[in-house]
Amino acid sequence: MRSDEETKRIVFEAARHAFAVDGYAATSTEELARSAGISTKTLYRLFPGKAALFEAMCADRLERLLSAVDLQANGDVDIDTGLRAALLACADLALDPDVVALQRMVLQESAAFPDLAANFYKNGIARTAIALARWLRVQVKKKLIAIDDVDEAAGMLIGMVASAPQRAAIYGGLPLPARKDIERRVRTCAAIFLDGSRVKAT
């Protein structure tokens, strides 16, 4: 007998695939239940509706990817290494094929289902920026960097690292960058940022 947590994981996988391929509106709860190998009664017991399932699925995926950003904030690594690791985690999230597919779907469906866009922003974009801002705040407290507004800086950094390749994939149909290209972009962004914000030794 599977636990509810195990069942939710299976439902999330089925939902990710169905939403990305068929879109939110065209995906039925009956189809999702069938794909996950459960009854619709079990699906509704776990999630009161399709919107709740979509929100939980996004939150679950992003929670696991965002944990990498949180972990770096606690490490005793030099700021260059730490920033590159934090930015790479953000880029891995923003440029993850599943996340990009979900974002494409949210954009397509947002006029008919405005709550989808709001939930995706709250559970994804905003949480990523908050996690990175938390890391930056630690570095400011250590007097390693000087930033007036860490929240604004976090948004700028995520934009530098991920926005252009993400837009190219979503709107231009271009392939997502390879890992080595993401790592190179992260190194460049980290160097530019630290060059302007690092506290100089007196």
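Numbers here simply count residues along the sequence, with the first being 1. Note that the coordinates shown come from a computational prediction; the quantities given were computed from them, not determined experimentally. Every heavy atom of this structure was used, including side-chain atoms; hydrogens, water molecules and symmetry mates were not.
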K.L.:
Any idea which heavy atoms bring Asp151 and Ala133 closest together, and the distance?
P.N.:
OD1-CB, 3.5 Å
K.L.:
Look up atom CZ in Arg34 and atom OG in Ser39, then write down how far apart they are to the nearest 0.5 Å.
P.N.:
12.5 Å
K.L.:
Is Gln139 reaching over with its side chain to a backbone N or O of Trp135, donor-acceptor style, under 3.5 angstrom?
P.N.:
yes
K.L.:
For Ala18 and Glu31, work out which heavy atoms get closest and say how close.
P.N.:
CB-OE2, 4.2 Å
K.L.:
Is Val11 close to Leu32 at the side-chain level, that is, under 4.5 Å between some pair of heavy atoms?
P.N.:
no
K.L.:
Return yes when atom CG of Asp78 has more than 12 non-hydrogen atoms of other residues, nucleotides or ligands closer than 6.0 Å, and no otherwise.
P.N.:
yes
K.L.:
For Leu87 and Cys189, work out which heavy atoms get closest and say how close.
P.N.:
CD1-CB, 4.4 Å
K.L.:
For residues 176-184, which side-chain donor-acceptor pairs fall under 3.5 Å, sequence neighbours excluded?
P.N.:
unit_1	atom_1	unit_2	atom_2	d
Arg179	NE	Glu183	OE2	3.3
Arg179	NH1	Asp92	OD1	2.4
Arg179	NH1	Asp92	OD2	3.0

K.L.:
Would Ile170 and Val100 count as a side-chain contact (heavy atoms from CB on, under 4.5 Å) if you check the C-alpha gap in whole Å, the side-chain angles of each, and the deciding distance to 0.1 Å?
P.N.:
CA-CA 7 Å; Ile170 291 172; Val100 171; 3.8 Å; yes
K.L.:
Pairs in or reaching into residues 152-200: which pass ring-ring contact (aromatic ring centres under 6.0 Å, His included), with residues at least two apart or in two chains?
P.N.:
none
K.L.:
Rounded to the nearest 0.5 Å, how far apart are CD1 of Ile147 and CD of Glu152?
P.N.:
10.0 Å
K.L.:
Quick one: which residue pairs count as a ring-ring contact (aromatic ring centres under 6.0 Å, His included) with a foot in residues 11-35, not counting sequence neighbours?
P.N.:
Phe12-Phe47, Phe19-Tyr24, Phe19-Phe54, Tyr24-Phe54, Tyr24-Phe113
K.L.:
Do Leu144 and Val138 come close enough that some side-chain heavy atom pair is under 4.5 Å?
P.N.:
no
K.L.:
Do Ile145 and Met156 belong together in a cluster built from hydrophobic side chains that touch within less than 4.5 Å?
P.N.:
no
K.L.:
Should the pair Arg187-Asp80 be classified as a salt bridge under the 4.0 Å nitrogen-to-oxygen rule?
P.N.:
no
K.L.:
Is the shortest heavy-atom distance from the side chain of Lys8 to the side chain of Asp60 under 4.5 Å?
P.N.:
no
K.L.:
Can you name the nearest heavy-atom pair linking Ala111 to Pro114, along with the distance?
P.N.:
O-CD, 4.0 Å
K.L.:
Is any side-chain heavy atom of Arg84 less than 4.5 Å from a side-chain heavy atom of Thr81?
P.N.:
yes
K.L.:
So how far is it from Ser197 OG to Ile192 CD1, rounded to the nearest 0.5 Å?
P.N.:
11.5 Å
K.L.:
With a 4.5 Å heavy-atom cut-off, do Leu157 and Leu136 have their side chains touching?
P.N.:
yes
K.L.:
Would you name the heavy atoms of Ala15 and Leu53 that are closest together and state the gap between them?
P.N.:
CB-CD2, 4.2 Å
K.L.:
Which atoms form the tightest heavy-atom contact between Gln166 and Ala94, and what is the distance?
P.N.:
NE2-O, 2.9 Å
K.L.:
Starting at CD of Gln103, measure out to CG of Leu95 and round the result to the nearest 0.5 Å.
P.N.:
10.0 Å
K.L.:
Rounded at 0.5 Å granularity, tell me how far NZ in Lys142 sits from CD1 in Ile79.
P.N.:
8.0 Å
K.L.:
CG/Leu102 to CE/Met57 distance, rounded to the nearest 0.5 angstrom?
P.N.:
4.5 Å
K.L.:
Mind checking side-chain contact (heavy atoms from CB on, under 4.5 Å) for Leu174 and listing every partner two or more places apart, or none if nothing turns up?
P.N.:
Ala168
K.L.:
Could I get the full list of side-chain contact (heavy atoms from CB on, under 4.5 Å) partners for Val199, not counting sequence neighbours?
P.N.:
Ala146
K.L.:
The criterion is salt bridge (charged side-chain N to carboxylate O under 4.0 Å, His left out); which residues satisfy it with Asp4, sequence neighbours excluded?
P.N.:
Arg45
K.L.:
For the pair Arg104 (side chain) and Ala169 (backbone), establish whether a donor and an acceptor sit closer than 3.5 Å, ignoring hydrogens and angles.
P.N.:
yes
